[in-house]
Amino acid sequence: MTPSTRYWLMKSEPDECSIDDALAAPQATVAWIGVRNYQARNFMRDAMRVGDGVLFYHSSCAEPGIAGLARVASEPYPDPSQFDPASPYFDPKSTPDAPRWLLRDVQALRKTRLLSLAALRQHPALADMKLLQRGNRLSITEVSEAEWATVCQWLDAP
DNA sequence: GCCAACGTTGGC
DNA sequence: GCCAACGTTGGC
């Protein structure tokens, strides 16, 4: 991972938390709970900085794709769901003294028109996006400055 | 619901 | 540390 990464793509299942849900939350801010992959956790714990740009991506749904823009809105802190036995994200091996899963708050900035996964795949400038690489399943991936700019220009185009 | 791809677990 | 078995992700 490059220390200069300032842009991220974060997947959310819209049934759990859509861009509309995030925009409707207090301060349009949601805690990014439920990540249980170490690489994605490390991005949140170590690499992100407050203010980094986030592509808000809808996954596991009828129309997967980029659905909004957001920003990293907090320093890392323990994911409370790991301590809740009633939560599907409960982790019995984690303790408050040594929490295994850290998260960030994410503030939604705006909903965009949907840039579908199929459309993203057809854009030559996005061919190297981590999201689009074969076999990728990571729920948080790095986005280059050029990829970010391409997406923003695309969203501004008629 | 299928299944490819990948991550994690746990026996050895 | 290896690696088979199992579980999960996520598009289709």
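Atoms considered below: every heavy atom in the structure, side chains included; atoms not considered: hydrogens, waters and symmetry mates. Just so we're on the same page: letters track the sequence lines, and every chain starts at 1.
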*Whole-Å distance between B:dT9 P and A:Asn37 CG?*
11 Å
*A:Leu103 versus A:Met44: any side-chain heavy-atom pair under 4.5 Å?*
yes
*Looking at A:Arg134, does any N or O in its side chain come under 4.0 Å of the phosphate oxygens OP1/OP2 on B:dA5?*
yes
_Residue met sooner reading DNA chain B from 5', once A:Gly135 and A:Arg100 are mapped to nucleotides_ = A:Gly135
*Any Lys/Arg nitrogen of A:Asp79 or A:Arg41 sitting under 4.0 Å from an Asp/Glu carboxylate oxygen of the other?*
no
*Would you say C:dT9 has OP1 or OP2 under 4.0 Å from some side-chain N or O of A:Lys11?*
no
_Ring centers of A:Phe43, A:Trp32 separated by less than 6.0 Å_ = no
*Between A:Asn136 (CG) and C:dG10 (C1'), how many Å, whole number?*
10 Å
_Donor-acceptor pair (no angle test) under 3.5 Å: A:Arg36 side chain, C:dT8 base_ = no
*Using a cut-off of strictly less than 4.0 Å, decide whether A:Tyr38 has a side-chain nitrogen or oxygen near OP1 or OP2 of B:dC6.*
no
*Would a 4.5 Å heavy-atom cut-off, applied to side chains only, mark A:Ile140 and A:Trp8 as touching?*
yes
*With respect to the side chain of A:Lys93, which nucleotide from C:dG11, C:dG10, B:dT9 is positioned closest?*
B:dT9
